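Take a look at the structure below.
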Amino acid sequence: MNGKSAKAGEPVTTRFAPSPTGPLHPGHIAAAFFARRQAGMDGRFLLRMEDIDTQRCRERFIDEALEDLEWVGLRWHGAVIRQSERMALYRTTLEALDARGLIYPCFCTRSAIARELYEAASAPHHAPDGSLIYPGTCRRLNAGTRTRRIAAGEPYALRLNVARALGEIGPASLTFRDLSRGTIVCDPLAFGDVVLARRDVPASYNLCVTYDDAAQGVTLVTRGEDLRDVTAIHRLLQELMGWPEPDYLFHPLLCDADGRRLSKRDGAFSIRAMRKAGMSAEMVRRAAGIQDDFCCTHT
Ligand code: GLU
């Protein structure tokens with residue numbers, strides 16, 4: 001999987017990677033067409049189901065998403081990848097990072113972390129994505145304690161030791177290329193020691209998305225601008241693992257008339273509901289802000 005950065009002039013590979021935790025809404029259609037458009041006439045556009053969260057993802061949402069995307073006029077290249085079937089692959093990365101002493105087991109529950117932070121003298125710090133920054137409690141456990149607690153069957157997550165990881169990649173600052181804004185300097189420390197394998201799932205969004213973009217040869221990652229900051233973690237993983245550095249492009253998130261971000265919970269806005277109400281594929285595309293049929297005429 002090792003490689004170099006995407007080269008100018010080479011065909012672009014993009015992807016749409018929804019999490020099937022609810023029905024698709026126009027925001028998804030906008031994101032999918034945005035990615036498709038960036039692949040242009042001779043690039044590749046891939047579809048990937050990010051379904052690692054077995055509690056929240058549903059088989060029927062996958063089937064419906066595929067049907068909705070086709071109905072609305074989108075075509076993709078190759079087979080649809082499902083992350084839930086790739087746990088053994090993600091594990092190889094965890095093993096490689098573990099062998100280098102870059103990850104550690106974390107036995108803290110979410111409420112224990114919140115409690116610890118609130119009890120600390122200083123106000124808790126939040127990561128750019130709004131999550132609480134992990135205070136590093138389990139990073140300080142000794143090897144014996146870790147082994148004993150794992151042997152006792154205590155559930156644990158695996159966290160990346162971000163400071164140590166940064167030390168390993170060297171002093172040059174970590175950056176990414178945002179095609180609309182230029183070179184952006186990353187701040188992975190702003191997220192603290194992120195989870196790479198969850199207590200309930202043996203992987204995490206950050207690990208899987210970075211692994212798969214590299215494995216699938218994605219040269220341009222497009223995603224909502226809410227995910228811009230976390231690119232810092234993805235770039236760190238890429239550097240640690242010697243994976244290629246893709247380019248990045250972020251799109252605004254679609255909002256409703258009141259300016260609220262569309263959510264999967266808004267069943268009324270689902271593509272399904274729009275279809276049922278008699279809207280044509282073209283009307284749905286327009287509702288998603290797509291003004292032309294470029295993507296529908298190019299597979
Ligand atoms: N699966 C993620 C989501 O549905 C998006 C993946 C990505 O672009 O990073 O929010």
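Atoms within a ligand are numbered from 1 in the order they appear, just like the ligands themselves. The structure presented is a predicted model; accordingly, all values stated were derived computationally and were not measured.
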In short, ring pair (Phe, Tyr, Trp, His ring centres under 6.0 Å) pairs touching residues 165-187 with sequence neighbours left out are Phe176-Tyr248

Does the side chain of Arg148 reach to within under 4.5 Å of the side chain of Thr145, using non-hydrogen atoms? yes

Near Ser19 (heavy-atom distance under 4.0 Å), the atoms of ligand 1 are 1 (N), 2 (C), 3 (C), 4 (O)

What one should report as the nearest heavy-atom pair of Ala35 and Thr14 is O-OG1, 2.7 Å

Of Glu50, His28, Arg223, the residue with the heavy atom nearest atom 6 (C) of ligand 1 is Glu50

A student checking ligand 1 against Tyr205 at a 4.0 Å heavy-atom cut-off should list atoms 6 (C), 7 (C), 9 (O)

Checking the N or O distance criterion of under 3.5 Å, is ligand 1 in contact with Leu227?
no

Cationic tip of Arg159 above Tyr134 ring, under 6.0 Å, 45° of axis
yes

Atoms of ligand 1 under 4.0 Å from any heavy atom of Arg15, numbered from 1 in the order shown, are 7 (C), 8 (O), 9 (O)

Sequence neighbours excluded and cut-off under 3.5 Å, please list the side-chain donor-acceptor pairs for residues 162-173, or say none.
unit_1, atom_1, unit_2, atom_2, d
Arg164, NH1, Gly101, O, 2.8
Glu168, OE2, Arg100, NE, 2.9
Glu168, OE2, Arg100, NH2, 2.6

